[in-house]
*Asks:* 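A single structure is presented below for examination.
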Amino acid sequence: MNKELDRFFKKQEELGIMLTYDDVRLRSEHSNVLPADTDPKSRLSKNIALNFPVVSAAMDTVTTASTAIAMAEFGGIGILHRGLSVERQAEEAARVKHYLNGLIPDPITVSPDETVAAVLAKREAKGWRFRSFPVVTAKGEFVGLITGHDFDFITDGDIKVKDAMTPLARLVTAKPKTTLEQAAALMKQHRQKVIPLVDGKKLAGVYVRADLERIMSGKGNHNVDRNGRLRVGAAVGVGDGALLRAAELSKVGCDVFHIDTAHGDSKNVFSTIKELKKKYPKIDVIAGNVSSGDGALRLAKAGADGVLVGQGPGSICTTRIVAGIGVPQVSAVYECAKALRGTGVPVIADGGIRNSGDIVIALSVGASAVMLGKLLAGTEEAPGETRLINGVQYKVYRGMGSLEAMLQNPSSLERYRVSAKKFVPEGVVSTVPYQGTLRAVLEQYAGGIRQGMGYIGAATLDELRKKARLFRMTGAGLNESHPHDVLISHLPPNYSGK
Ligand code: XMP
């Protein structure tokens, strides 16, 4: 609860005024919190944590596997767009899930009767970098492990694997549901580099020390699932199409389904949430978009684990102009977050973010995460086509409701609920400057978020939500906020002008 913020928005509401990012700024508060000491951990949904509160948009010029990998490596998450066939989208999700091997559920195994030379020749031919192989009989029984250590001390290549391996009886093993942390502790305790998980006589996966170290070392602000694999979400849409996608995505370990529609407060969306939750109770479902408290609450009641807020604030959106609807984004996020208080369902502020200061404002008024399109579309990882204009590199960034996206993706037609015969676009095609790697861009946003938290004296996002106080900006105030009365000669990496 933040009574100051409630009072502020109540006053605006009484005046019939809804606000967006440029309409407000945050007050600086007394603070003993240094930006470096802040922790922007958050949640995407009821069961999906984030180490960094940023989500990449489910758009065909923003998120495929490369973006999603970089997002999850930084602690956020990417939502794969659905302008791809069902199979291709599942392949992209699998690419993210296989990128880091926490638990290797289905490791490459060798037979006890193969010779060591044959195993090494196969390794060479296939280009495998690892040298640890579980040994499994033709009947599927796990009988031992052969590792780099064994290979190093073998002089006769004709020796059989069964005579060179460490037999099961002498191995340290663990039960199937062993977590990454438990496996790491076992490795330390027994000085073992590989921990096989054993289910009766069967192998249920292996943990390998080198992989665990990579995941658990500081590189790892990584957003990973309980098996140490990067998390990923995927847009599924509504109805039968959503069920088809969900079936394939669930097979490859997709962590969250996103029911991405332009109008989330509708019966089709509610019934799709219910069906997905019934079929896949262990996979979270986030759904949207809405811009009213009532709509957010209805989605939560239908079973959504996270609610996307934003109708028309996006940089490439024309919904408000074409359809005349939508609520300025800061008020929409506040209203929805207020309506969802006590439900445990997080709000994702989707669209309209133009710089890191806007992210701090969205998080202050109740968002648990922000979804970004434009701010990530210029990165190396984004799938948009690159164009050279007057010697400067740009990438294409387009609305999923733009004519071009609709002509290419049948799923866009469904999202914007237009008939295949009459295209009424709700978005535009644009170019955005090329920005370099996603990591470099996210580092700037992370810095901005931490600085904002420092000014407010909030070490966590919970504290930020409790302490934040807003005031209205005037046009003159906004003008003063940007660089003014100078000719900018060097643009910093975190500012692109007014
Ligand atoms: P930003 O401002 O980050 O917004 O570029 C990204 C969000 O915009 C939404 N989106 C659209 N909205 N017409 C719309 O009205 C469109 O064509 C369109 N395409 C994307 C979407 O919610 C995305 O996350």
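Remember, it's 1-based here, ligands and their atoms both numbered in the order they're listed.
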*Asks:* Short list, please: which atoms of ligand 1 are under 4.0 Å from a heavy atom of Met371?
*Replies:* 24 (O)
*Asks:* Between Glu73 and Arg439, does any NZ, NE, NH1 or NH2 come within less than 4.0 Å of an OD or OE carboxylate oxygen?
*Replies:* no
*Asks:* Considering the heavy atoms of Glu426, write down every atom of ligand 1 situated less than 4.0 Å from one of them.
*Replies:* 13 (N), 14 (C), 15 (O), 16 (C), 17 (O)
*Asks:* With heavy atoms of Gly399 as the reference, note each atom of ligand 1 found under 4.0 Å away.
*Replies:* 16 (C), 17 (O), 18 (C), 19 (N)
*Asks:* List for me each residue that meets ring-ring contact (aromatic ring centres under 6.0 Å, His included) alongside Tyr280, sequence neighbours excluded, and say none if there are none.
*Replies:* Phe257
*Asks:* If I apply the N/O under 3.5 Å rule, does Gly401 come out as touching ligand 1?
*Replies:* yes
*Asks:* Which of the numbered atoms in ligand 1 are below 4.0 angstrom from a heavy atom of Met400?
*Replies:* 16 (C), 17 (O), 18 (C), 19 (N), 20 (C)
*Asks:* Using side chain to side chain contact (heavy atoms under 4.5 Å, CB included) as the criterion, point out the one residue from Val441, Ile69, Leu438 that pairs with Glu381.
*Replies:* Leu438
*Asks:* Given Gly373, Cys317, Ser56, Gly312, which one has a non-hydrogen atom that is nearest to atom 8 (O) of ligand 1?
*Replies:* Cys317
*Asks:* So, regarding Thr318 and ligand 1 (criterion: nitrogen or oxygen to nitrogen or oxygen, under 3.5 Å), is there a contact or not?
*Replies:* no
*Asks:* Do any nitrogen or oxygen atoms of Thr319 come within less than 3.5 Å of a nitrogen or oxygen of ligand 1?
*Replies:* yes
*Asks:* To the nearest 0.5 Å, tell me how far Met400 CE sits from His81 NE2.
*Replies:* 6.5 Å
*Asks:* I'd like to check Val290 versus Leu308 (side-chain heavy atoms, cut-off strictly below 4.5 Å). Are they in contact?
*Replies:* no
*Asks:* Classify the contact between Asn289 and ligand 1 as side chain, backbone, both or neither, using a heavy-atom distance cut-off of under 4.0 Å.
*Replies:* side chain
*Asks:* Any idea which atoms of ligand 1 are less than 4.0 Å away from a heavy-atom of Ala57?
*Replies:* 24 (O)
*Asks:* Considering only heavy atoms of Tyr397, which atoms of ligand 1 have at least one such atom less than 4.0 Å away?
*Replies:* 1 (P), 4 (O), 5 (O), 6 (C)
*Asks:* Applying the side chain to side chain contact (heavy atoms under 4.5 Å, CB included) criterion to Phe52, which one of Leu442, Ile77, Asn223 satisfies it?
*Replies:* Leu442
*Asks:* Could you say whether the N/O atoms of Gly352 and ligand 1 ever approach to under 3.5 Å?
*Replies:* yes
*Asks:* Examine the side chains of Glu426 and Thr319 and answer whether a donor and an acceptor come within less than 3.5 Å of each other.
*Replies:* yes
*Asks:* Using a 4.0 Å heavy-atom cut-off, say whether Arg354 meets ligand 1 through its side chain, its backbone, both or neither.
*Replies:* neither
*Asks:* Less than 4.0 Å between a side-chain N and a carboxylate O, is that true for Arg354 and Asp22?
*Replies:* yes
*Asks:* Which bit of Ser402 gets closer than 4.0 Å to ligand 1, counting heavy atoms only: side chain, backbone, both or neither?
*Replies:* backbone
*Asks:* Which of the atoms in ligand 1, numbered in the order shown and given with their element, are less than 4.0 Å from a heavy-atom of Lys374?
*Replies:* 1 (P), 3 (O), 5 (O)
*Asks:* May I have the step-by-step check of side-chain contact (heavy atoms from CB on, under 4.5 Å) for Phe8 and Val24, ending in yes or no?
*Replies:* CA-CA 11 Å; Phe8 172 83; Val24 294; 4.0 Å; yes
*Asks:* Please could you name the atoms of ligand 1 that Ser315 approaches to less than 4.0 Å, counting only its heavy atoms?
*Replies:* 1 (P), 2 (O), 4 (O), 5 (O)
*Asks:* Between Glu92 and Arg88, does any side-chain N to carboxylate O distance fall below 4.0 Å?
*Replies:* yes
